[in-house]
2 protein chains.
Amino acid sequence: MYLRNMLSKKTKYGLKALTYIARKGNNEPVQIGEIAKHEQISQKFLESILLTLRKSGFLGSKKGKHGGYYLIKKPSEILMTDVMRVLEGPIALVSCVSLNFYEKCNDCPDEATCSVHKLMIQVRDSTLNVFKNNTLEDISK
Amino acid sequence: MYLRNMLSKKTKYGLKALTYIARKGNNEPVQIGEIAKHEQISQKFLESILLTLRKSGFLGSKKGKHGGYYLIKKPSEILMTDVMRVLEGPIALVSCVSLNFYEKCNDCPDEATCSVHKLMIQVRDSTLNVFKNNTLEDISK
DNA sequence: TATTATTCCTATCGATTTAATAGAGATTGC
DNA sequence: GCAATCTCTATTAAATCGATAGGAATAATA
């Protein structure tokens, strides 16, 4: 069994939900239940994820009958960099190489000579590059 | 405070220890205690990490007085791809894009149309590329 | 041989995080 | 008014992580 799960289910489900909504094409609100059923996601869990995406400005919502969630921007304008930061958190694997959430490691005496730092800077940049070059439209194709 | 810690301390400490040993240059065994002190790592925790690295063929060990750990191969021959797989586990963030530990996601009905799959393939490749292009020598400079 | 320094091995623990669940409240459409 | 839907808070079970403890095995050396 695949043990390490470095991409949280929150992110995975969030991306799937955004994709599902994007693929619908129109601007009609899509209901949580419909997404949960199609993507085989726990509805209650998905509720909290969509709420996060709404509060972060990716989704709009409408309550009551025929309510649901809809995209606020065009899929081509939704960058993975932004989505990932909201769902998964900082992109850097260690705080000392984070662009947006930098923090010195409490143990490491000198970043300039730290081999982990040196390696993780590169991983950050290459990952960031992927996220910068992918919009919701790209991954929904 | 930086919450997500996607790179485990095991990996971080393991890389630091390998670097420490590599920087010594000679082939004399280096003791756990010395590494732990220098790198500010819990000695007991480091013991288990070095044991893992030995069992995986990166380090040799010598017991008893004047014992310790030493590199089996030259730093320039130790690829980060291999080290990371041993310390951190699969490089892919989700099992369905893992080259060495592939497993179908139990929920996802079709990888071909899965947006998460599409994105994570790219992340895997770019990260793999970084690890392939870095040896222990490179990060120890 | 006795002593000391070191690696080796197993077991356990506390804290944190994750994924999921429950239930009630607020709003909207009909 | 009623049903459908999002909103919010709280709780829980399981897993994982980092750390710790204690002793067994081995090697050097006096």
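To find a chain, count down the sequence lines: A is the first, B the second, and so on, and within it residues start at 1.
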Counting side-chain heavy atoms from CB outward, which of D:dC8, C:dC8, C:dA20 is closest to A:Lys55?
D:dC8
Residue A:Lys63, side-chain heavy atoms: nucleotide from D:dA19, C:dT27, D:dC8 that is nearest
C:dT27
Starting the side chain at C-beta, find the nucleotide from D:dT29, C:dT28, C:dC9 nearest to B:Lys44.
C:dC9
Please determine, for the side chain of B:Gln31, which listed nucleotide (C:dA24, D:dA19, C:dT7) has the closest atom?
C:dT7
Salt bridge or not between B:Asp138 and A:Lys118? Use side-chain N to carboxylate O under 4.0 Å.
no
Are B:Lys62 and B:Glu28 within salt-bridge range, i.e. N to O under 4.0 Å?
no
Between C:dA19, D:dA19, C:dC9, which one does the side chain of B:Ser42 approach most closely?
D:dA19
Let me know the distance between CD1 of B:Ile21 and C1' of C:dT7, rounded to the nearest Å.
13 Å
Distance below 4.0 Å between A:Lys62 side-chain N/O and C:dG29 OP1 or OP2:
yes
State which of D:dA27, D:dC6, C:dA19 makes the closest approach to the side chain of A:Ser8.
C:dA19
For the residue pair B:Ser98 / B:Glu103, report whether a side-chain donor-acceptor contact shorter than 3.5 Å exists.
no
Classify the nucleic acid contact of A:Lys12 as base, sugar-phosphate or nothing, counting any heavy atom under 4.0 Å across all strands shown.
nothing
Can you work out whether A:Thr11 or B:Arg54 has the more 5'-proximal nearest nucleotide on DNA chain C?
B:Arg54
What integer distance in Å separates A:Leu51:CG from C:dA19:P?
17 Å
At under 4.0 Å between heavy atoms, what does B:Ile32 touch on the DNA or RNA strands: base, sugar-phosphate, or nothing?
sugar-phosphate
Using whole Å, what does the distance between atom P of nucleotide D:dA25 and atom CD of B:Glu47 come to?
16 Å
Regarding A:Arg23 and A:Glu137, does a basic nitrogen lie under 4.0 Å from an acidic carboxylate oxygen?
no
Taking A:Thr19 for its side chain and A:Ser140 for its backbone only, find out whether a donor-acceptor pair lies under 3.5 Å.
no
Tell me the interatomic distance from B:Leu53, atom CG, to C:dT7, atom C1', rounded to whole angstroms.
14 Å
Choose from C:dT21, C:dG29, C:dC9 the nucleotide whose nearest atom is closest to any side-chain atom of A:Lys65.
C:dG29
Taking atom P of D:dC17 as reference, at what distance in whole Å does atom CG of B:Leu7 sit?
12 Å
In this structure, how many angstroms lie between the C1' atom of C:dC8 and the CG atom of B:Leu46, rounded?
14 Å
Can a side chain N or O of B:Tyr13 be found less than 4.0 Å away from OP1 or OP2 on D:dG18?
no
Would you mind classifying the nucleic acid contact of B:Gly33 as base, sugar-phosphate or nothing, using non-hydrogen atoms under 4.0 angstrom?
nothing
Please report the distance, rounded to the nearest Å, between CZ in B:Phe45 and P in D:dT16.
15 Å
Counting side-chain heavy atoms from C-beta on, which of C:dC8, D:dT7, C:dT28 comes nearest to B:Ser61?
C:dC8
Would you indicate, yes or no, if C:dT4 has its OP1 or OP2 atom less than 4.0 angstrom from a side-chain nitrogen or oxygen of B:His66?
no
What is the distance, rounded to the nearest whole Å, between atom CE of A:Met6 and atom P of D:dT16?
14 Å
Ion pair check, A:Glu47 and A:Lys44, cut-off under 4.0 Å
yes
Nearest to the side chain of B:Lys9, heavy atoms from C-beta on, is which of D:dA4, C:dC8, D:dA19?
D:dA19
